[in-house]
Visitor: 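I'd like to ask some things about the structure below.
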Amino acid sequence: MVDVSDFKENEYVVFSHLAYAVLRVKKSVLKSKNYVISLAKESEQLDEVVLSLFKKEEKAYRIAEQVAVLNTKDIQNISPQTSADLLATIPGIKVQKSQFGGGSPVIRGMESNRVLLVVDGVRMNNAIYRKGHLQSSITVTPNILDKTEVVFGPSSVLYGSDALGGVIHYYTKTPKLSEEKEVKSQFFSRFSTVNHEITTNVTAEIRNKNWASLTSVSYSDFGDLKAGENRRHGFDDWGKVFFYSENINGNYKENPTPNLDPNLQRNSGYNQTDVLQKFFVPLNKNADLKINLQYSTTSNIPRFDRLTELSGGTLKFAEWYYGPQERLLISSQLLFDANKNWLEKGVITAAYQNLQESRIQRKFGSLERSYREESVDVFSLNGDFSVSLTEDKKRTLSYGFELAYNDVGSNSYGRELNIENNQINGFSNNFKVQSRYPDGGSSYLSSAVYVDYRQDLSAKSTLNSGLRFTNTHLEAKWIDQTFIQLPETDIEANHSAVTATLGYVFKPNKNWQINSVLSSGFRSPNIDDVGRVREKSAMLQCQILMLHQNMRIVQNLVFKNTLITKDSDLVQMSITHY
């Protein structure tokens with residue numbers, strides 16, 4: 001309802017709405033239509049709003065970087081089993097799976113610790129993110145997502161280390177306020193025949209005038225995956241599993257078991273539980289508070305590629321699985337409108353994360369089972385602020401800081417199985433196992449400041465630029481030297497990096513847009529880079545960080561088969577030994 005009494009008969013009235021075509025009509029024409037009008041839909045007028053690029057809302061046509069966005073409706077239409085499957089539907093992203101309980105996104109040829117995962121403004125990448133395939137993307141179930149944004153290409157100015165290939169930002173659902181008390185609930189269930197998956201999600205939202213709450217619980221049970229029977233490429237045995245291990249759930253089987261259905265990929269199923277609890281509290285007209293609790297846990301996840309690995313013509317591993325992968329996130333986020341000359345809007349995010357992972361393995365022909373367990377505590381504090389430098393908001397300055405501290409614990413041990421009637425009924429001897437990371441503990445501290453400037457040069461062009469300074473400090477200590485003798489048991493490294501970006505957008509009309517971006521990115525070595533020990537081909541490999549003539553060198557100890565590669569200013573020298 002609009003009052004147009006102040007308009008003269010021959011004056012024009014202009015009706016404008018984001019989702020409709022602009023209508024320009026004289027008041028006299030309105031009168032002849034009894035002052036009732038209809039607008040024509042024009043969806044391309046609705047410009048998408050993106051958050052990840054500037055950590056504040058920005059129209060997509062003003063952003064130079066390539067961005068992909070999946071909203072709630074897109075996620076519901078896709079109905080993916082995991083968030084990794086959701087990412088696989090985005091053009092430009094490939095997802096690698098060493099096992100069904102995994103999903104390592106690849107962006108522009110980079111993956112794992114070269115792609116940054118973020119959830120609700122908190123970086124998920126931690127000090128033990130490896131360069132190998134990662135399963136971390138599945139710990140955020142798609143049932144709790146409001147939308148997902150993917151930034152392609154280096155984004156180190158805003159996000160720091162690891163954002164080389166791009167940034168994947170998960171945004172979970174947020175409860176809404178209501179003038180009257182409301183309770184809304186949602187139930188979702190799905191069954192998939194390909195792996196007998198059963199997923200159930202229950203969501204309850206409480207809306208009040210002064211606060212709102214959202215609770216979501218999801219449980220997914222994934223059975224063994226089954227390969228397709230048609231192999232028109234000519235490789236008749238491709239993907240078939242002829243033998244498998246029955247050493248699960250306390251059972252003991254000395255030899256591999258023939259698979260009666262080779263298309264059934266036995267030892268690939270697992271289950272997962274995800275919980276989200278979110279509160280939204282408006283503190284006053286200029287400030288809001290979000291409290292975010294997330295918890296994700298899994299059953300044991302079989303390492304399918306290792307459980308099908310052959311040695312001497314038979315299966316090598318009787319057991320190889322990841323223990324329950326647990327992720328806990330507790331964060332509070334303060335959003336405020338200061339409306340000051342130096343600060344217009346801002347967000348301060350404080351978060352704590354605890355992550356647990358483990359690796360358990362045993363070979364056929366052996367009763368010795370080894371355990372390697374890792375725990376990471378992450379404390380972080382982020383501040384992101386922006387201010388308009390002109391009244392028309394064509395020039396905007398954004399700036400912020402980031403602090404993140406990682407405390408890494410690594411434990412390892414071995415147990416010999418006691419077998420009775422083909423069942424495991426306990427353990428006898430204990431034996432030492434080399435820990436994956438320094439057993440004396442490790443820490444990783446990152447601190448950074450950044451500034452970003454955006455200017456609308458005209459109605460058709462925009463200039464974006466940014467600068468960031470980051471410093472990282474790493475410490476680690478080895479205690480047990482049963483398997484590896486080190487010249488130095490204490491590791492310490494300090495690195496700094498300056499990164500910059502420059503982007504330009506030109507949109508001559510609504511159907512064409514030309515983007516150009518020049519960016520620099522970096523990765524600062526983490527605990528996995530400098531202190532990881534792993535077994536490969538029955539040999540232990542150890543990486544120790546050493547400083548030499550201002551070059552960062554990763555060196556294996558002892559000798560045999562030297563390989564030297566260069567990755568930017570990081571020189572890696574690996575010497576494998578017996």
Side-chain angles (χ1 to χ4, degrees), residues 52 55 83-84 87 93 95-96 102-108 110-140 148-172 294 296 325-331 349 351-357 374-382 384 400 402-408 436-437 442-448 450 468 470-474 493 495 497 499 521-532 567 570:
S52 297
K55 296 191 177 181
S83 291
L87 297 175
I93 295 184
V95 174
Q96 185 279 343
S104 186
V106 183
I107 303 179
R108 295 186 174 179
M110 300 184 187
E111 67 167 315
S112 55
N113 58 21
R114 285 165 173 76
V115 172
L116 182 65
L117 300 179
V118 183
V119 57
D120 292 331
V122 179
R123 59 185 293 138
M124 297 174 64
N125 291 39
N126 57 60
I128 63 171
Y129 263 42
R130 57 191 180 274
K131 66 180 180 180
H133 312 305
L134 290 171
Q135 293 81 249
S136 303
S137 65
I138 69 170
T139 63
V140 181
T148 300
E149 293 182 1
V150 180
V151 182
F152 294 84
S155 303
S156 292
V157 168
L158 284 183
Y159 292 97
S161 179
D162 298 3
L164 285 172
V167 176
I168 297 172
H169 201 148
Y170 296 120
Y171 293 92
T172 61
Q294 299 178 24
S296 175
Q325 181 170 281
E326 298 184 11
R327 179 182 68 89
L328 171 67
L329 167 66
I330 303 174
S331 73
T349 305
Y352 165 74
Q353 296 180 81
N354 176 262
L355 303 109
Q356 305 280 343
E357 63 178 50
E374 277 70 55
S375 175
V376 185
D377 292 303
V378 185
F379 303 86
S380 62
L381 180 65
N382 298 59
D384 303 290
E402 179 186 65
L403 296 171
Y405 176 77
N406 289 243
D407 185 20
V408 180
R436 183 175 176 86
Y437 299 111
S442 311
S443 65
Y444 181 81
L445 174 65
S446 174
S447 55
Y450 77 90
R468 180 189 183 98
T470 304
N471 176 263
T472 59
H473 182 74
L474 178 151
H495 298 117
T499 50
F522 75 100
R523 266 207 75 249
S524 185
N526 61 15
I527 302 299
D528 185 83
D529 293 307
V530 305
R532 172 167 52 91
D567 180 9
L570 175 65

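All residue numbers refer to positions in the sequence shown, counting from 1.
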Visitor: Which atoms form the tightest heavy-atom contact between Asn125 and Val115, and what is the distance?
Guide: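 Closest heavy-atom pair between Asn125 and Val115: ND2-O, 3.1 Å.
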Visitor: Any side-chain heavy atom of Val119 within less than 4.5 Å of one from Leu329?
Guide: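 They are in contact (side-chain heavy atoms under 4.5 Å apart), so the answer is yes.
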Visitor: Is any side-chain heavy atom of Val530 less than 4.5 Å from a side-chain heavy atom of Pro525?
Guide: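 The answer is yes; the side chains approach within 4.5 Å.
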Visitor: For the backbone of Arg130 and the side chain of Ser112, can you confirm whether one donor and one acceptor N or O come within less than 3.5 Å of each other?
Guide: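 Judged by distance alone, yes, a pair lies under 3.5 Å.
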Visitor: Do the side chains of His473 and His495 get nearer than 4.5 Å, heavy atoms only?
Guide: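 Not in contact.
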Visitor: Salt-bridged, Arg523 to Asp162, with N to O below 4.0 Å?
Guide: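 Yes, Arg523 and Asp162 are salt-bridged.
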Visitor: Could you verify whether a donor N or O on one side chain and an acceptor N or O on the other, from Tyr437 and Asp528, lie under 3.5 Å apart?
Guide: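 Yes, a side-chain donor-acceptor pair sits under 3.5 Å.
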Visitor: List the atom of Ser380, the atom of Val122, and the distance in Å for their closest heavy-atom pair.
Guide: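 Of all heavy-atom pairs spanning Ser380 and Val122, the closest is OG-CG1, 4.2 Å.
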Visitor: Could you tell me whether the side chains of Asn126 and Tyr444 share a donor-acceptor contact shorter than 3.5 Å?
Guide: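 Asn126 vs Tyr444: no donor-acceptor pair found between side chains.
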Visitor: Is any side-chain N of the basic residue among Glu357 and Arg436 closer than 4.0 Å to the acidic one's carboxylate O?
Guide: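 Not counted as a salt bridge, because no side-chain N and carboxylate O are separated by less than 4.0 Å.
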Visitor: Looking only at side chains, do Thr472 and Ser524 share a donor and an acceptor under 3.5 Å apart?
Guide: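 The answer is yes; a qualifying pair exists.
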Visitor: Can you tell if the side chain of Asp377 reaches within under 4.5 Å of the side chain of Asn406, non-hydrogen atoms only?
Guide: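 No; the side chains remain at least 4.5 Å from each other.
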Visitor: So do Val106 and Ile93 actually touch side chain to side chain, heavy atoms under 4.5 Å?
Guide: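 Answer no - side chains too far apart.
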Visitor: With the side chain counted from C-beta on, respond yes when Ser137 and Leu117 share a heavy-atom pair under 4.5 Å apart, and no when they do not.
Guide: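 SC-SC contact between Ser137 and Leu117 confirmed.
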Visitor: How many angstroms lie between atom OG of Ser296 and atom CG of Leu328, to the nearest 0.5 angstrom?
Guide: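 If I round to the nearest 0.5 Å, the distance is 10.5 Å.
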Visitor: Between the side chains of Ser104 and Gln96, does any donor sit under 3.5 Å from an acceptor?
Guide: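 No - no donor-acceptor pair under 3.5 Å links their side chains.
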Visitor: Could you tell me which non-hydrogen atom of Leu134 sits nearest to which non-hydrogen atom of Asn113, and how far apart they are?
Guide: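 Here Leu134 and Asn113 meet closest at CD1-N, 4.1 Å.
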Visitor: Taking the side chain from Thr499 and the backbone from Ala497, do they hold a donor-acceptor pair closer than 3.5 Å?
Guide: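 No, Thr499 side chain to Ala497 backbone: no donor-acceptor pair under 3.5 Å.
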Visitor: Within this structure, what is the CD-OG distance for the pair Glu374 and Ser442, rounded to the nearest 0.5 Å?
Guide: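 If I round to the nearest 0.5 Å, the distance is 10.0 Å.
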Visitor: Nearest 0.5 angstrom please: Thr139 OG1 to Tyr170 OH, how far?
Guide: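 Atom-to-atom, Thr139:OG1 and Tyr170:OH are 7.5 Å apart.
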Visitor: Return the CG to CZ distance between Leu116 and Arg114, rounded to the nearest 0.5 Å.
Guide: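 Going from CG on Leu116 over to CZ on Arg114, the span is 13.5 Å.
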Visitor: Quick one: does Thr148's side chain get under 4.5 Å of Tyr171's, heavy atoms only?
Guide: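 No, side chains not in contact.
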Visitor: Scan side-chain atoms only and decide if Arg327 and Gln353 contain a donor-acceptor pair under the 3.5 Å cut-off.
Guide: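 No donor-acceptor contact under 3.5 Å links the two side chains.
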Visitor: Looking only at the side chains, is there a donor atom on one of Glu326 and Asn354 sitting less than 3.5 Å from an acceptor on the other?
Guide: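 No, no side-chain donor-acceptor contact under 3.5 Å.
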Visitor: Check the side chains of Ser443 and Asp407 for a donor-acceptor pair under 3.5 angstrom, ignoring hydrogens and angles.
Guide: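 There is no such pair between these side chains.
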Visitor: Would you say the side chains of Thr470 and Arg468 form a donor-acceptor pair under 3.5 Å?
Guide: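 Yes.
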Visitor: Within the 3.5 Å criterion, strictly below it, is a donor on His169 or Glu149 matched to an acceptor on the partner's side chain?
Guide: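 Glu149 and His169 do not have a side-chain donor-acceptor pair below 3.5 Å.
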Visitor: Does some side-chain heavy atom of Met124 sit less than 4.5 Å from a side-chain heavy atom of Tyr129?
Guide: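 Yes - at least one pair of side-chain heavy atoms lies under 4.5 Å apart.
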